[in-house]
Amino acid sequence: MASLSLVNVCKTFKNGQIAVKDFNLDIKDEEFLILVGPSGCGKSTTLRMIAGLEEISSGELWIDGALMNLTVPQKRDLAMVFQSYALYPHLTVYENIAFSLRVRNIPQIEIEERVKKAADILCIRHLLDRKPFALSGGQKQRVAIGSVIVRKPKAYLMDEPLSNLDAKLRTQMRVELSKIHKELGATIIYVTHDQVEAMTLGTKIVVMNAGVIQQAAPPEVLYNNPVNKFVAGFIGSPSMNFIPVWVERREERICIVFSNNRLFLNEDNAHCLIESGYLGRRVYLGIRPEDFHETGPKEQAIKLKVEIKEVLGSDILLHGKIGGNPICGRLKPDFPSEAGTEVSIFADMNRILLFDLDTEENILDH
Amino acid sequence: MASLSLVNVCKTFKNGQIAVKDFNLDIKDEEFLILVGPSGCGKSTTLRMIAGLEEISSGELWIDGALMNLTVPQKRDLAMVFQSYALYPHLTVYENIAFSLRVRNIPQIEIEERVKKAADILCIRHLLDRKPFALSGGQKQRVAIGSVIVRKPKAYLMDEPLSNLDAKLRTQMRVELSKIHKELGATIIYVTHDQVEAMTLGTKIVVMNAGVIQQAAPPEVLYNNPVNKFVAGFIGSPSMNFIPVWVERREERICIVFSNNRLFLNEDNAHCLIESGYLGRRVYLGIRPEDFHETGPKEQAIKLKVEIKEVLGSDILLHGKIGGNPICGRLKPDFPSEAGTEVSIFADMNRILLFDLDTEENILDH
Amino acid sequence: MESVIEMAAKDINSDELENFKKKILKKALFRRRASKLILTILNLFVALFLLLPLLYAVSIAFMPSNELFTTNLNLIPSTPTFNNFRQAMAKIPLKRFIVNSFVVAGFITMGQIISCSLAAFSFSFLDFKGKNVLFMLVMATMMIPGEATIISNYLTVSSLKWLDTYQVLIIPYLTSAMGIFLFRQFYKSFPISLYESARIDGCSNLRFIYSILIPLTKSAIGAMAVYTFINAWNMYLWPLLVTGSDKMRTVQIGIGMLDSVDSQSISMMIAGVVMIIVPSISVFIIGQKQLIRGMFSGAVKG
Amino acid sequence: MKLKNVSRYLSPYVYIVPAIAVFVLFLFFPFIKTIYLSLFKTNKMGQAKLFVGGGNYSDLFSSASFFNSLFVTAIFVLIVVSVSMLLGLITAILCNQSFPGIRIFSTAYALPMAIASSSAAMIFKIMLHPTIGIINKLLGLHTNWISDPRYALVCVALLSAWLNSGINFLYFSAGLSNIDNTLYERASVDGANSAQKFFRLTLPGLSPIMFYTLVVNIIQAFQAFGQVKVLTMGGPGESTNLIVYSIYRDAFFNYRFGSAAAQSVILFMVIMILTLCMFHLEKKGVHY
Amino acid sequence: STQTGSENITESQTKEDITTSAAPVASTTITFWHSMGGVNGEAINALVEKFNKENTSGITVEAQYQGSYDDAINKLKSAQIGNMGADLVQIYDIGTRFMIDSGWVIPMQKLIDEDKWDINQVEPNIAAYYTVGGTLYSMPFNSSTPILYYNKDMFKKAGITKVPDSLPGIDRIGDDLLKKGGAGEVISLGIYGWFFEQFTCKQQAHYADSGNGREAAATAVDFDKNGAGVKTLTAWKTLSDKGYAPNVGRGGDAGLADFSAGKSAITLGSTASLKQILNDVNGKFEVGTAYFPKVSDDDKGGVSIGGGSLWALNNNDVNKQSATWEFIKFLVSPESQAYWNSQTGYFPITTAAHQEPVFKDNISKFPQFQTAIDQLHDSTPQSAGALLSIFPEARQTVETEIENMINNKGTPEAAVTKMGESINKSITDYNLLNK
Ligand SMILES: Nc1ncnc2c1ncn2[C@@H]1O[C@H](COP(=O)(O)OP(=O)(O)OP(=O)(O)O)[C@@H](O)[C@H]1O
Ligand SMILES: Nc1ncnc2c1ncn2[C@@H]1O[C@H](COP(=O)(O)OP(=O)(O)OP(=O)(O)O)[C@@H](O)[C@H]1O
Ligand SMILES: [Mg+2]
Ligand SMILES: [Mg+2]
C-alpha cells in the first residue's frame, strides 16, 4: 500500500470558510489513521482533499513520494466511503459494488468473486439485486463499504462508514475492517465519531478542532496523556470533568483545593507541579468519569449532590455539580445512589490530569 | 401531545419484501419510545408508516383516537427527522428550519424567534445563511433536527437523528432532547443504534427483528430481563456472550457445565430451573462482558485464552473463545492480561441469564 | 501521477526539491489550462459550425440584393446596408406584431408551465385510478397531427365568437403533452424524500410545487419555458386562420407579409427573419440563467 | 369524514383537469371528428359526402405514393432524430464543464431553436442554392442539393436536425444538471475516467430525459412540415413527400379531406405504436 | 372587422366625390382579403388608404392580408363554414373554377350590369380568362404573363442578334451562349406548372376537355390526347439532356436566381418579376425581355394570363355589396391601375390606364415592360387558358412528373401519361363528390 504525507495543507472555501488550517501529517504505510473531532471541524474536507475532490488551497499532498496536489482523483488510486454513501441510483447493489472493478476492466469472474465475498462480509448477499431506493439506511451504508473493500487501492478513505449500523453489526464490521487492515496491510484513513471504533481500530488517532490538528498519537497515549484540555475532553465518553482548582501546599503535601474539597496529589504529580511553578496558581483539574470510585481514603472523599442518575445497565452515570462545574461519574450499578441524594465518591489520584488555565495545555506528563 | 396506537400493522413492499409484520403497540402520551433493531429490521419503515409516507399494507393506525390509515401526511401533524436528512437544497439553513412554520403562516417574528432558539440549541447559529451543500455531515443533521424542533406537533418521529454527531455533541443533544421531551411533554418515537441513547432517553424501548417486535419494555427491564436470546444479545455493547451449557446437579447444587468449567447457580435460579424442568438439559448461558470480574471465588474461575486485547481507556476488552464460542470480557484497565496469555475471570452469577435452546426464550425471570 | 516524478522526496536537497515541486505544479497547472483551452477551441468550432446558417442570414440581411445574386464568394456584405431592415419595417407594422407575439407567447408559456407542472406533479407523485390510461391519453395528444384538427378547431372557436382575439391565440395552447411529459421525466429523478419531508412539514401539494418543486427543477422549467415561448412565437397556421386584422397578427405572419408573389426580395425577407429572431434570442438569454448545474448535491444522503 | 375521503380521492384529478380540459376541447374532439371524416369521401369544403367505410384506407394501402410517403418519412425521422440528438448531446456535454465563455457558447448552441422552421428553410434555401448558395461556393461544388432526389431528403432532414438540436441541447443540459455531483465524485475516486463516467453515469443519469427527448423528437420529426413546404414542396418527384406534407396537400390543396383524415389516423397509429413500444422499453431499459 | 365608419364620415364629407355614379351608402365597412405581401402589399394598402380617405359614401375598407394564395383560399373555405366572411377576396387564377362552383360569389357581371359600367374598359385578353359562358365572374386585378428574360451582354458576346422565340430556337444558340457568351447555363428554367400551361396555350391546344373547362366543368385533361403535352416535354427534355436547361428546382421563381447572378443567359418568369430582377441584377449586365417561347417554331398561339382577381362574396347585404362594387371600381380606375402597375409590375387591366402619366413614366423607366404589353395584345381571347377545379393539384402533378422525367430520365410520353392518369382520377373524384 502507500504512505501519505500532508504538508501545511490549508483549505479555504469560496465563501471564505477556512475548513482546514496548516495540516501537517505523515501517514505511514499500513497505518490505520483515525480522524476525530467535533462536527464541522474539517475531517471530511481533509479526506476529500486527499481524494482529490476538493482542491488544496495551499500546501502539499504527497502520496508514495509523488506530489499529488493537482492529480485528478481517478489517477490517485484511492478508495473512499462517502459520508453520504453516494450510491449510484440506477445500478443494483451488485453493480454498485462492482462499479470500480468494471471501470478497471477486471474479468467478469473475478468481479463476481470479489463482490460476492464483500457481500458476505457485509451480510448483504440477499440484497445484491436490489436498487438503492429499496434499501434501509444501514444497508446502503454497507453497500458503500462494499464498493470500497472490493478494491485494493493505495489507501482507503472512510468517512463515518459505520454510523448507521446497529451496535452488533458495527462490532462485527469493526472486526472485519481490522482484518482487512491486517491481511492486506492496508493504509486506512478513517473518520469516526465512535470512541470505541477510534480506540480499538486506530494505530494512530488525529484529533482535530476547527481545522487544526490538536494531537496525533496512538490511542492509549491520547487517552492517558492528552496534550491539552480539548483533546482530554473530546476523547472519552462521557467526557472528562473539568474543575478549576488552586494548587496549594497543605500539611506538607501538595494538594488541589476547590469548593470545600482538598485532594492530595501523588508524589510524581506534586513534584511536576512544583517544578513548573504552579504552586499557588490556579489550574484545571481533569478527571474522567470512570476514574471516580465508590471507595477510597476518607479524607479524599468528594461529595456530589446527584441531580440525574442514568442507568446504562453495566454502569450508572451520576450527574451533579461541584462549584458550578458539571460533574459526571461512572460507577457500578450497585452503588447506592438516587437522584436528589448526596454521595461520596473518590477520585483516582493517579489518573487525574491538570491543565494550564490559559493555554489549556497539559501540565503533567504521564 | 398525542397518544398513538398501532394494531396488527403490516407492510409488504412491491417487490414482496415484508418489512413489518403484525406490529402491535400502544404509545402513550408523553412517551419517549425508542425503536431499536438490526439494520434493515423495519424501524424506518414503521416510522414512515406512522408519518403516512408508506401506505400501511394491513392493520390500523390510531392517533388520538382517530383512525389515520388514509390520512395524508400533512394532516397528521407529526414532525420527522429523516435518516437521510432531506434538506431543501435551494433554501438556506434558516429557511430550511423555518419552512414548516412558513407553510403554517406563522408570523415572521415568531418564526425568527423559534428558528434562532433552535439554532442556538443546536449550535448552528453561525450557519443560518448557508445552503446545505456548504455544510458538513453533522451540521446537515443538526439542521434536520432543527427543522423539527421548531414545531410543536402531536408527535416527533426521529430516525437516527444523532448518528453523524461527535460524542460530545451527541451527549449535549441528548440532554436537549430530553429537555424538550420533559418541557413540552412531547411524544417522541425515536430510532437509534446507540445503546446509550436508547438506555438514557427512552421511557420504553421496542426491540425489533426482521419486522417483528421482540420486546417492548422500559430500559432496565430490557437490560436485566430480556425475553429472549435475541434481545439479550442485541442490547448491551459489547454484546452478551452465549455458551451452550448443560444444566446438572453436582455436589448437591445446581450448576451449569461447559468445556471444563462448572459454575454453581444461585438459589433462585437453581429453583427456577428445576421447576421448569431444565435439569439435565442443554440451555444457553448468557453473560454480559461487564459481568465478568477480576476476582471471585476460586472454584468459579473461568479460564480464558486472550486472543485480542482492546484498550478502551476506561476499560479493556478481552476477546477469546470458550468451547468455540467467542467470549468477550470487559475488565478494569489495570487487570494484568496480554494477548496470548491465559487469564482467570469470574462471572457474576447473580446476573447470568439462561435461554431455552430451541425457543431461545429466557428461562429465568429476574 | 507519472513515472518521472516518482522519486522519493528525501533523496534530494531542499532547493532541488523546491524547484522540482514548482516544476510539477507548473506542469499540472499547464495541463489543466491546456485542457480548458482545448475545450474552448472545440466549442468555438462547434458553435461556428452550428451558427453558420444564422450568421450567414445576418450577413445576407445586410447585403444589397445584387450582392446576394452573384456567383462570387459573398460571405460578408461588401457594402453593408440597413436598407433591407428599413424596407421591412416600412412594409409591416412589425412593432405591433412583436407586442402581440409577446403577449401571446408570454401567456402561453406561463399557462403551460402552470398546467403542465400541476399535471406532471399529479402523474408522478400521486397515485390514482386510471393514472396510466390518462397519461397515455395525454401522450396521445402529442401524436395527433396538427393539420388534422385545425379546421375543426377553427369551427369551435368561431362558434365561441373568439375569432380575432387574444384568447383564441392563447387558450388552445394553454397546455401541452410535451410539457407534462418533460416534467414527469424530470420529477422521476427528483429525490422523493424531499417530497416526503415537505409533506410532514405540513406543506400542501400546491405549496410544495411552488416552493420546492419548481425552484429545484428550474433547469427543466427553463428549457421548457424557452421552448414554449419560441414555439408560440413561431406559430403560423393557427394565427393566420383565426385572426384577421393587423391588430391581432403575430410576427410570423408579418414575415409572410414580406413575401410578395412574383417579386420576392430575398434579402429583405431574411432581414425580417433576423429581426424577429432577436426577441426570441433575448428570451433565451434571460431564460438561460435557470440552467445552472448541480441542484441536488448534498441535499440528501444516498 | 366522508367528505374528506372524497376530496382525498379527487385531488389528484384536480391537478390534471386544466390540462385535460384543453386537450378534450382542442385535440380529442376534433380528432374524433377527423376519424369520422376518414370514413368518408369529402367534398371541396371538407364535408363528409359519401360514406366509404375503410375505402380511404384501402385506397391508401394500394397507393405507391402513400408507401413512398411512409418510407420517406421513416428515413427522414431516422436521420433527424439521430443527428439532432447527437448534436444536442455533444453540445450539452461540451458546455457541461465551466470555462470562460460558456454562456456565449450555450446561447449559440440553443439558438437554432429560436428560428421558425419556415424561416430556417428560407435561409437554407439560399445557402443550398446551386448557384448563389454559400455551401457550393465554400465547398467548390455545383451540386443541386434540393432538386436532386439523392440529396433533397437528406438536406431537409439535416435542416430539421439542426433546428431541433437547440432544444435538445437545452434538454440535455437540464438533464445533466439534475445528476447529483457526489456521484461523479465517487466515480472519480473509484477510478473511472471521463469516458467511463460518461457511459456509466452520465448516460444512465440522462436516461429519463434521453427517453423523453427520443420520444418527443420522433413525434416531432414525424410531424415536420414547414421546412418541407418551403424548401422542396415534397419534391423532387416525391422524394421529400413526408406524410404530414402529404396530409397537408390532400387537405388544403387537393380537396381530399377524407384521404387526409385517413392519413392522419394512420400517422397517429404509427406514432402511437412506436411510442407504446418505447414506453415498454423504458420500463425495462431506462433507469431510476 | 366591426370597426364603425362614423369618424370616417365626418372626415370624408369635406372630400370631393371621386366616384362618379355612387349610390350613397351609409357608413359601411367592408373587409377585403388579399394575398399581397411585400411591395405589392404596400401598394394595396396605399390604394385602400386612398379610397378610405377619398370616397364620400362613408365606406371603409379594411384590407386584411391572409397569407399566400393557398392560405387565403383555405381560410376562405373554413370561414365560409364558420361565418367570418369577407366581402371581397383576391383569389389566384387557378382558383377560378373553384370559386365559380362554390356558390358564394356574386358574379362581377351582375354588379357591372346593375351599374351599367362599361366592361370594355378591361383588357379583353385579360377579361377573357375570367369570363365563362359570357359572364365575367371576377374582376381581374393583378395580372401577369410569363416572358423570357435574357442577358443582353452574353448575347452580344456570343454574337447573337436574334432573340430565340421557341425552345428549339434556344437549343440552336445554346452552344454559342455557353462557349462564346460565357454563360454558365443556357436557360434556367424553373419547373413550374404555369409554364407548362403556357406552352400548351402557345400550341393552341387545350389543357382540358369541355372547351378547356370553360363550356362546362372539365371531365379530363386534354393535353395528353392532343399531343401538346408530349411536344412540350420533348422540347424541354432536349434542352435538359443537352445540359442547356439544368434542373434549377420547382416554382416560378426558381430560375431567377441563376439569371440574376449572371449564370444563365435566359430565364422564364412572370412579367411582374421584372422590377425585382432589375433590382437584383443592379446593372451587372443588361436585361432584355422577349416573348415567351413557343414549343416548336411553327406554333401560333399566344399566352394566357395568371395572377389574381377580385371576387365579390355574397353576404346578402345590399349595402356591403354596393360598397364593394364602389371599391372595385376604384381599384380598376385608370388612375389606380396606373399606380398599381408602376408599383408592382402587374398589368394595368384597363387600357385607359396607358394614358396616365404615371404609367408612361414607368414604361420609359422600364422599357422592357413594353414586351409584356405587346405580348398580351398579340394574344387572343382564345388563348385564355384552362379552368380546372383541381388546378392546384394538377399543377403539382405536372411539376412532379416533369421533375421525375428530368431526374429519372424517363420519357416525355410516360410522364404525360402519368400526369393524365393522375389528374383525371382527381377530376373524376372531384366531380363525383361536388355535384
Ligand atoms: N422501497 C422499498 N422497497 C423494497 N424493500 C424496501 C424498501 N424500503 C426498505 N425496504 C426493505 O425493508 C426492510 C426494512 O427497511 P427499513 O428502512 O425499515 O430498515 P431499518 O430498520 O430502518 O434499517 P436501518 O437501521 O438500516 O436504517 C429492509 O430490509 C429494506 O431492504
Ligand atoms: N462547500 C463548502 N463551502 C463552504 N463551507 C463548507 C463547504 N463544505 C464544508 N464547509 C464547512 O467547512 C467546515 C468543515 O466541514 P467538514 O465537512 O470537513 O466537517 P466534518 O469534520 O466532516 O464534520 P462532520 O463530522 O459534521 O461531518 C464546516 O464548518 C462546514 O460548514
Ligand atoms: Mg464530515
Ligand atoms: Mg432506517
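As the structure is a prediction and not an experimental result, all values here were calculated from the model. Here is the naming used below: chain letters follow the sequence lines, and residue numbers restart at 1 for every chain.
- Of the atoms belonging to Gln139(A), heavy atoms from both backbone and side chain fall under 4.5 Å from chain B.
- Per-residue counts of heavy-atom pairs under 4.5 Å with chain A were compared for Arg170(B), Gln17(B), Lys14(B); the largest is that of Gln17(B).
- Contacts with chain A were tallied for Glu310(B), Glu220(B), Lys43(B); Glu310(B) has the most, counting heavy-atom pairs under 4.5 Å.
- If you measure heavy-atom distances from Pro38(B) to chain A, the contacts under 4.5 Å come from both the backbone and the side chain.
- In this structure a side-chain-to-backbone donor-acceptor pair under 3.5 Å is present from Asp166(A) to Ser39(B).
- In terms of heavy atoms, Asn164(B) sits closest to Gln83(A) at ND2-NE2, 3.3 Å.
- Side chains of Asn15(B) and Arg130(A) form a contact here, defined as non-hydrogen atoms less than 4.5 Å apart.
- Within 6.0 Å of the NZ atom in Lys21(B), the count of heavy atoms belonging to other residues, nucleotides or ligands does not exceed 12.
- Heavy-atom contacts from other residues, nucleotides or ligands closer than 6.0 Å to CG of Asp129(A) number 12 or fewer.
- Closest of all the heavy-atom pairs between Gln195(B) and Ala167(A) is NE2-CB, 3.6 Å.
- For Arg48(A), the salt bridge (charged side-chain N to carboxylate O under 4.0 Å, His left out) partners are Glu54(A), Glu185(D), not counting sequence neighbours.
- Scored by the ring-ring contact (aromatic ring centres under 6.0 Å, His included) test, Phe230(A) finds Phe234(A) as partners (sequence neighbours excluded).
- For Lys332(B), the part lying near chain A is the side chain, with the backbone staying farther off; criterion is any non-hydrogen pair under 4.5 Å.
- Between chain A and the residues Gly138(B), Pro238(B), Ser239(B), Gly233(B), the most heavy-atom pairs under 4.5 angstrom are made by Gly138(B).
- The CG atom of Leu162(A) sits 11.5 Å away from the OG atom of Ser163(B) when rounded to the nearest 0.5 Å.
- Ranking Gly42(B), Cys123(B), Pro289(B), Ser136(B) against chain A, the residue ahead of the rest is Ser136(B), based on heavy-atom pairs under 4.5 Å.
- Here Thr171(A) contributes atom OG1 and His319(B) contributes atom NE2; the two are 8.5 Å apart, rounded to the nearest 0.5 Å.
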